[in-house]
Every structure is written in C-alpha cells, then in structure tokens.
Amino acid sequence: MGKFKNHIDAADISKYREDSADFVVVGTGAGGGIAGWVLTEMGYEVIWVEAGPYMTAEDFRDDVYTSMLNLAKDAGATSMMGRAIVTYLQGSCVGGSPLINSAIVWRTPEEVVDEWAEKFGTGNVINNRTLEYAFEKIEKLLNIHPIEEEILGGNNLLFKEACEKMGYESRVIRRNTRGCHGSNRCVQGCPFKAKLSPDVTFVPWSLEKGARVYSNCRVVKIISKNRKATGVEVVFKERGKENYRPVKGRIYARRGVILAAGAIDTPHLIRKSRLQGDSKAVGKFFMAHPGVGIGGIFDREINISLGPSQGYESPHFRKGHHFKMETIGLPIELLSARTPGFGREFMKRIENYNYVAVWDSYVKSEAHGQVMSTIFGPVPKYEPTKRDTEILIFAIKKMAEMMFEVGAKVVFPGIYGIPEEITKDQLNLIDEAEPDPRNLLLYASHLFGGARMGVDPRISVVDLNFKVHGVENLFVTDASVFPTNLGVNPQHTVMAVSMIGAERIGESAR
Amino acid sequence: MAFNRWEKRTLEKIVEVFFPPGVGDRLKRDLIEAGTVERLDYMISRYPLQARLLFHIVIWVTYWAPIFLFVSILPFNFLNWEKRKKAMEKMFYSRIYYVRQFANLLKLVAAISFFADEEARREVGIPGIDDPIYSKYMGG
Ligand SMILES: Cc1cc2nc3c(=O)[nH]c(=O)nc-3n(C[C@H](O)[C@H](O)[C@H](O)COP(=O)(O)OP(=O)(O)OC[C@H]3O[C@@H](n4cnc5c(N)ncnc54)[C@H](O)[C@@H]3O)c2cc1C
Ligand code: SF4
C-alpha cells in the first residue's frame, strides 16, 4: 500500500477506514516531523497524517512546474490578501516545507527568546538553556554545518566578494545537509537525498520503530467530546489530483492530537472544529518575513545553477535595520518571470542566465495579519507596513550597490515606478521609490503565529504545555506557536520549540 | 481541463508575447514543441477554485485590454505580435495595481510552463541532474 514499512498511501484507500494510536500528529513538516519522532522515541504509538504525497528523490524532477504540482500547497497558487498581494509558498508533502526549503539554519536570536519570556511568560519553557539543549541535539542529528567552500558556486562567491568589498559582515550558510552536490535544486526536492528534511530523517527513523504515516490524507476536523480532543476526521486524496474523495476516515488519539499543519492550516483547523477553548486569539497575530529579490547581469559567467540554492548570507543589517540579505539561486522559471522584456529582448536576457546573479532580503516585519476561515479554506490576510516597505526598498538599494561594486552591468531592482533595468549611475533613483507595498513584488516563505503561545488566553492560543487553552488533549507544535516575529530563518527554531513541546507532552501523558 | 477553447487560444497568444517562436539565438524551442499551453492548462486545473476563477478573470481582462488601454479597437487575439506586446507592456506598467499583478502572474505561469520542458532548459545552458558537473562534490 505504501512506499515503506508502515507508510499508508491514502490515495489507495477506497472505503471508510478507522485507526488509532497514542498520538495523532497532523503534518510532517519541520514541527510535526520532530514531534512525532520524539514521541516515538519515548515509546508512544504515533500516527502522522499528512495532506500531501510521500515523494522520494527518484520522484523529483528538474523543473519548478512538477515540484509545484507535487510538493507545494495548492500547486503553488497561494497568496496572502491585503492591499498588496504577497505570494507565499508552503510544502504539502511528507517532509512539509523543509522538503522544498533551502536548508538554512539559524538559532533563535537571544533577544527574541527574551522578548517571548518577558511579554508572553514563556521563559520557564522556552529559554536559552532548553533551546541550547534542543539545538545541540538537532544539529548532531541533522549534520548541521557550514557549506563546504568547494561547492559554493558563482552566485554565492560573488555575494561573499561584494560583502567583503563593502565591509559587511557575512558568512557561509549553515545547513542540514549531508553530501550536497551544489545542484541548486532545493525547491524542486533534493535529487541527491542530501538535504536532511523530515521525509528522509525523522519520519523514516520513526517508521522503522513502529510509527505509521498516512500520506495523501487531509485532516478536515478534530473530533472532540466535552472539550477534549479524541482524534481527527480525514479525507483521502485522488491520486495525482488536488481534490479529496468523499471517502472519509477517522483516526483516534488515545493521549492527544498534535497539530503541526503550519501557521495557516493549524489555526484554521482549530477554528473549523470549534475548539478555540478559552482562547480569543485563534488565527490572530499571523506574521511573516516578506522578502524582495534583485537580479544583476555581469560580464563574467556566474553559473547560478551551480552551488547550493542559498549559500551565503549577511546579517549585517539584521539588528540595526531589521533585514537580512542572502543569495538565492532562482531557477530559470522564476528568474524569467522577474526578467523584464518581451520576445527577442526577453529571450536575450534569458539566454544570459549564466551571467546573472540573484540575491534577496527579507524584513523582520512589524505587521500582524490574521488567518481567516472561508468557504475556500484558510485565507491569510496580511500586509507589510510602511516601515517594512521602506526597509525593503533600502535593502534593494544596498543589494544593488553591492552588485555594482562587484561589476554588475545592470541591475533589475523590481520596483514599480523605477526603470526595470538600472545602471550604476541610476542607483539614486531607488531613493525616489514610494514606500507602498504595491510597488514591490513581494513573497514570503517564513510564516508564523496564528496559534501563539502565552499565559494569557486573550492574546495566545496555547499554554506553556503547548495545549490549547481550555481544551484537553489538543496540542500545537509548529511555527504557529511563535509569539513574535523571528527575524531569522525559522526552521531550526520550529524544530527546537517542537522538540521541547513534544517532550513536555510526552512527559505529561505518562 | 481549466479553460475552454477560446480561453486556451487567448492563453496561447499571451504566452507567445513572451516566448515567440524562433527569436532566440540559443533557445530554439517554441511554445507548441514545449507543450506550454497544455501544461499551463493542466497546472491551472490543479489550482484551488478561487485561483482558477481568478485565472478566468485574468484571461478575460487581457482579451479586452487592448481596447481599454487604447492600443487597438480589436481584442487581444486579433492583433499582430507587436500590438499584443504593446498591450501587454501597458498592462505591466498600468497604474492599476491588479492589472500589473495580472501581467506579472501571466509571465510567471508562462515561464513555469515553458521551462518545464527539459530541452528548453538545456538550450539555455542548465545542466541536468546527471551532468558530471554535479559529481564534483559528494563529501559529508
Ligand atoms: C520555499 C521555502 C524555502 C524556505 N527556506 C527556509 C530555509 O532555508 N531555512 C529556514 O529556516 N526556513 C525556511 N523556510 C521556512 C521553513 O521551512 C518553515 O518555517 C517551516 O517548515 C515551518 O514548519 P511547520 O511545521 O510550521 O510547517 P510545514 O513545514 O509547512 O509543515 C506543515 C505540514 O502540514 C501539512 N498539512 C497542512 N494542513 C494539513 C491537514 N489539514 N491535514 C494533514 N496535513 C496537513 C502540510 O502538507 C505540511 O506538510 C522555507 C520555506 C519555504 C516554503
Ligand atoms: S543544492 Fe542540490 S544537492 Fe544540495 S541540498 Fe539543495 S538540492 Fe540537494
């Protein structure tokens, strides 16, 4: 029925089905993957329920088209609603977003941990000591290390050179990989099994020990009795399609249901199941890191398709200006969409693909949005503030300066109202850009909040035991519990916080 | 299938504004060889309902855009390439945010569907997974 021992592909299930375990974990991404593994290691029987398919290296293709169809939520057609449209991407497969992410690893900044403790009372659970313990453990398990210089590739090395020339702090990115070939295909799914996402680590490790995973199986409702979660109601996917068949099933949880469906689906599931309990904040305080990218054309070959998708970063402006700069080896499909022109002129630029460098920046946004539950499913409503937009425009200028410093002939700043292609002597035009988010092409892949942690149910959803306020046996261990925006790449914090959470949940269930 | 025949024809005309046949030096592939419109149609059929609905609107808006944007008195499908390009260009620079976004969206889905073709990627010099260049490093 499945690809591995204890894997059940729900696309094959043709009639009503029931199952049960100690814990049912919804989602197999950064949060759900590690939570299920911790509980399995503690001796509990665990079932994961995952909406997407279980794809492996043999199934991955070279192109973004196939990866969007097979691995992304809603085939990649996802955006947040606001005055400005911010597109976002989330994984929908066993492994979740880490299967399509760039494997960048950052520990939680201390100032964020302190803010969570001070404003949300989380200090007894999430503090520098507990995080340190979790980080150490995860870093060993997932071989987290700086990328080897020999595979960095032109785009990353150019960024390094630019930072050095500008005097900006910069470094090789630390990632959870083993044997990376620098194939610049992280968003398509790693064809070399080098990226250590949950689909090749926590999930198979646990399946070996008796855990089970249902793939192509979407949770539509949390089953409960007297404000106590007892399981989940699921539907099964039609093979190779987006739709789920009317066949239903139920998976019962003897000790708890753990939601790890990501910052958009987790609050939606709580609300849809009417299990807000005492909380007044379900779906509120949704946050993101909106980002912008710029491209530059050079005289020398950059060969962007060689090297890890994201290999170099600069935290230089992180503290003072709230943004972080990184390289990004955009695949040709996404790069062409951002390349100006039509017909021959457009083709000429695309044929210069190997002479192009692309870098990006994201802002530690101060905006709060919310996840709304509609007849179409969850819809995130979110818009960067004027301050966020000003920062992003400033970041574009800094990246453009860096590109010119290392010899760019022209740069594509991607700002409406500014020429699509600028030369070095036109840099100052960027200062004239209106700080309106509608003037930028914005995207986000780091999403948090919506079910945040805290002691006060008016402004939080889960308590310090990761349990929904006022509802028994319903827990959350994913990016939605973050009380505030992080300002750094989140997967390591998601994993560490979820590890701490799963251990607490497991201990209290004994 | 996401679109009816008229919409598919419009889509083909739109994508051709970006990827007209035979104009690249290295990129020789054309839309039809690359199966672009069929792919695009399939991709959109996999989108959730609200995104599919949006695409019908985008096609419709683009079809009439030459008239609203004072490029021609004829709709998109009846124009030559230059005029269609002009209409599309005006959409990209429109003061109306959503019209600009529609144009961006069209370019994005066109590029995703076009470069899903392996030959097209090779023609612009992107190595395949089994290219020896990627065997350079296999360490720990
Ligand atoms: C393209 C991309 C690049 C990124 N790059 C980086 C990076 O380099 N470094 C970094 O630190 N972070 C990165 N991130 C962010 C990081 O991957 C996420 O912050 C992290 O994975 C969030 O973890 P999560 O458990 O909350 O959600 P996810 O990892 O998204 O997992 C949620 C899972 O739940 C499943 N699910 C949702 N609803 C249901 C349902 N109803 N029933 C069953 N299953 C359901 C989903 O299919 C998914 O598999 C990136 C994200 C993306 C999308
Ligand atoms: S760069 Fe290529 S080999 Fe390295 S982790 Fe990403 S997909 Fe895998």
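Throughout, a chain's letter reflects where its sequence line sits, starting with A, and its residues are numbered from 1. Side chains are part of it too, since the values below use all heavy atoms of this structure and drop only hydrogens, waters and symmetry mates. Only a predicted model underlies this, so the values are computations on that prediction, with no experimental measurement involved.
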- Message: Could you tell me if the side chain of K85(B) sits less than 4.5 Å from the side chain of F346(A), heavy atoms only?
- Response: no
- Less than 4.0 Å between a side-chain N and a carboxylate O, is that true for D25(B) and R344(A)? yes
- Which of residues 107-131 of chain B have a heavy atom under 4.5 Å from any heavy atom of chain A? K107(B), L108(B), A111(B), I112(B), S113(B), F115(B), A116(B), R121(B), R122(B), V124(B), G125(B), I126(B), P127(B), G128(B), I129(B)
- Reported CG-to-CZ distance for the pair N352(A) and R26(B), which is rounded to 0.5 angstrom: 8.0 Å
- By number, which residues in residues 88-101 of chain B have some heavy atom less than 4.5 Å away from chain A? M88(B), E89(B), F92(B), Y93(B), S94(B), R95(B), Y97(B), Y98(B), R100(B), Q101(B)
- Message: Quick one, R185(A) with Y134(B), criterion side chain to side chain donor-acceptor pair (under 3.5 Å). Give me CA distance, side-chain angles, the key distance, then yes/no.
- Response: CA-CA 11 Å; R185(A) 282 170 170 81; Y134(B) 292 130; 3.1 Å; yes
- Walk me through it: do M347(A) and F19(B) pass the test side chain to side chain contact (heavy atoms under 4.5 Å, CB included)? CA-CA 7 Å; M347(A) 294 278 196; F19(B) 297 100; 4.0 Å; yes
- Who pairs with R300(A) by salt bridge (Lys or Arg N to Asp or Glu O under 4.0 Å), at least two apart in sequence or on another chain? E161(A)
- Query: Relative to chain B, which segment of R83(A) carries a heavy atom at a distance below 4.5 Å: side chain, backbone, both, or neither?
  - Reply: backbone
- Query: Does a salt bridge link R46(B) with D74(A), judged by any charged N lying under 4.0 Å from a carboxylate O?
  - Reply: no
- Task: Would you mind checking which part of L441(A) comes under 4.5 Å of any heavy atom in chain B, side chain (CB onward), backbone (N, CA, C, O), both or neither?
- Result: side chain
- Pairs flagged by ring-ring contact (aromatic ring centres under 6.0 Å, His included) wherever residues 21-51 of chain B is involved - sequence neighbours left out: Y47(B)-F55(B)
- Heavy-atom distance under 4.5 Å to chain B: side chain of S183(A), backbone, both or neither? both
- Message: So for atom NZ, which belongs to K28(B), do other residues, nucleotides or ligands contribute more than 12 heavy atoms lying within a distance under 6.0 Å?
- Response: yes
- Most heavy-atom pairs under 4.5 Å with chain B, out of T374(A), N354(A), N303(A), belong to N354(A)
- Pick one of side chain, backbone, both or neither for T87(A), based on which atoms fall under 4.5 Å of a heavy atom in chain B. neither
- Message: Given heavy-atom pairs under 4.5 angstrom as the criterion, report whether the side chain, backbone, both or neither of F376(A) touches chain B.
- Response: both
- Query: Does any heavy atom of chain B fall under 4.5 Å from the side chain of P340(A), the backbone, both, or neither of them?
  - Reply: backbone
- Given A84(A), G377(A), A194(A), the one with more heavy-atom pairs under 4.5 angstrom with chain B than any other is A84(A)
- Max heavy-atom pairs within cutoff under 4.5 Å with chain B, candidates I332(A), V64(A), I350(A), goes to I332(A)
